[in-house]
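Here is the structure we will look at.
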Amino acid sequence: MSFVEEKNKFLAMSSEEKRKLFKGQVVSLDKISTWTEFWKSNKSDIDATSESIEPVDSELADKVSLWQGDITALEIDAIVNAANSSLLGGGGVDGAIHRAAGPSLKKECATLGGCEVGEAKISGAYKLPSKYVIHTVGPKGEKPDKLQECYESCLSLVKENNLRSVAFPCISTGVYGYPQAAAAKVALDSVTKFLVENKDSVDRVIFCVFLESDKDIYTGLLQKYFCLE
Ligand code: APR
């Protein structure tokens, strides 16, 4: 079977059928709290970051989630892969996504013509619970304009493909060495700007953190971006 036939076969499957193919625990969107829900049940434990942040419309906090775990488990419309320019796999989250998706992901990626830093390209997700994978290539080191381009390029593909839910890993903060707190701020600035301008285009943007340190950083920042009482 060609990767095209396999891609279409998986896209045509129901969530229940696809879940049987995924070896790990599948996490559906209804199991992921929005920031509003998380805030209401944890507000007394949350230390605000000292950063001065311009808050956005708190209603948008219903469209954002902070979730800690393996991005390959998420049963949503698209997960974002922190890839390299070849799009042919690697370590970190890139390796995890390719391992879980199976070999056809690489076969499709090989036809995408690579990816420049700041660009994004979309593929099927194959054996992953998500419907699509959006591959982006982050900058090596602290280059905020390029990192912002990654988030914007991914969100443009979400909108162009009418996807309603997407999860971002902490792009560039692993192998590519982008300082975590600075990267989180670029991520939040980019996503909140998109949500302000396109609030009806998506239901949920998930910040998928893997490290405890990133969870603390995003928790501190999020409640400054969304001032909930
Ligand atoms: N789910 C979610 N996040 C993960 C997972 C996972 N399964 N595995 C790792 N991460 C986190 C890391 O802890 C880090 O916070 O993803 C973030 C990004 O780290 P990297 O995967 O190293 O990505 P990046 O820093 O963008 O470097 C990209 O690394 O793997 C190679 O092929 C990739 O060359 C590219 C480079």
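Bear in mind that the values here come from a model prediction, so they are computed numbers and not experimental data. By convention here, the first residue in the shown sequence is residue 1.
Note that CG of Asn162 and OG of Ser201 are 8.5 Å apart. Values are rounded to the nearest 0.5 Å. Separating the CG atom in Asp57 from the OH atom in Tyr225 is a distance of 15.5 Å, to the nearest 0.5 Å. We find the CD1-CG distance between Ile122 and Leu163 to be 5.0 Å, quoted to the nearest 0.5 Å. Atoms CE and NZ, on Met13 and Lys20 in that order, are 9.0 Å from each other to the nearest 0.5 Å. From Leu66, atom CG reaches atom NZ of Lys215 across 7.5 Å, with rounding to the nearest 0.5 Å. Interatomic distance, Glu108 CD to Glu6 CD, rounded to the nearest 0.5 Å: 10.5 Å.
Between the side chain of Lys121 and the backbone N or O of Gly114 there is at least one donor-acceptor pair closer than 3.5 Å. A donor-acceptor pair under 3.5 Å links the side-chain atoms of Lys63 to the main chain of Val202, judged by distance alone. When atom types are taken as modelled, the side chain of Asn81 and the backbone of Val133 share no donor-acceptor pair closer than 3.5 angstrom. Panel note: side chain Ser86, backbone Leu88; a donor-acceptor pair is recorded below 3.5 Å. Under a 3.5 Å cut-off, the side chain of Ser104 and the backbone N or O of Lys107 do not form any donor-acceptor pair. Although no hydrogens or angles enter the test, the distance criterion places no donor-acceptor pair under 3.5 Å between the side chain of Arg204 and the main chain of Ile76. Side chain of Thr136 to backbone of Glu119: a donor-acceptor contact under 3.5 angstrom is found.
Residues passing the salt bridge (charged side-chain N to carboxylate O under 4.0 Å, His left out) test with Lys185 are Asp189, sequence neighbours excluded. For Lys127, there are no salt bridge (charged side-chain N to carboxylate O under 4.0 Å, His left out) partners at least two apart in sequence or on another chain.
Dense packing is recorded around CD of Gln68, with more than 12 heavy atoms of other residues, nucleotides or ligands lying under 6.0 Å away. In the displayed structure, Lys224 atom NZ is contacted under 6.0 Å by more than 12 heavy atoms of other residues, nucleotides or ligands. Within a 6.0 Å radius of CD in Glu16, other residues, nucleotides and ligands contribute more than 12 heavy atoms.
Taking both residues in full, the closest heavy atoms of Cys109 and His98 are given as SG-CE1, 4.2 Å, listed atom of the first, atom of the second, then distance. Of all non-hydrogen atoms in Pro139 and Ser172, the two that sit nearest each other are O-OG, 2.8 Å. Here the shortest heavy-atom pairing between Glu75 and Ser28 reads OE1-CB, 3.6 Å. Counting all heavy atoms, side chain and backbone alike, Lys18 lies closest to Ser130 at NZ-O, 2.9 Å. When every heavy atom of Asp94 is checked against every heavy atom of Ala82, the shortest pair comes out as CB-O, 3.6 Å. Minimum heavy-atom separation, Leu105 to Ser123: CD1-OG, 3.2 Å.
Residue pairs satisfying the ring pair (Phe, Tyr, Trp, His ring centres under 6.0 Å) criterion with at least one member in residues 113-164, sequence neighbours excluded, are listed as follows: Tyr151-Phe168.
A salt bridge links Lys193 to Glu197: one of the charged nitrogens lies within less than 4.0 Å of a carboxylate oxygen. No salt bridge links Lys40 with Glu37; every basic N to acidic carboxylate O contact stays at or beyond 4.0 Å. Under 4.0 Å is where a charged nitrogen must lie from a carboxylate oxygen, and between Asp77 and Arg164 no such pair does.
With no hydrogens or angles considered, a side-chain donor-acceptor pair links Gln180 and Ser213 at under 3.5 Å. Counted by atom type alone, Asp62 and Thr36 present one or more donor-acceptor pairs between their side chains at under 3.5 Å.
Using a 4.5 Å cut-off on side-chain heavy atoms (C-beta onward), Val191 and Leu155 make contact. Under the 4.5 Å side-chain criterion, counting only non-hydrogen atoms from C-beta, Cys150 is not in contact with Lys146. Inter-residue side-chain proximity for Phe226 and Leu222 is flagged as met; some heavy-atom pair is nearer than 4.5 Å. For the pair Trp67/Leu74, a side-chain contact is recorded, criterion being any heavy-atom separation below 4.5 Å from C-beta on.
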Step-by-step side-chain contact (heavy atoms from CB on, under 4.5 Å) determination, Leu29 to Ile206: CA-CA 10 Å; Leu29 187 59; Ile206 299 165; 3.9 Å; yes
Give the intermediate values and the outcome of side-chain contact (heavy atoms from CB on, under 4.5 Å) for residues Ile53 and Leu221. CA-CA 8 Å; Ile53 304 278; Leu221 280 172; 3.9 Å; yes
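Of the candidates Phe207, Tyr178, Tyr218, Phe210, Tyr218 is the only one forming a side-chain contact (heavy atoms from CB on, under 4.5 Å) with Cys170.
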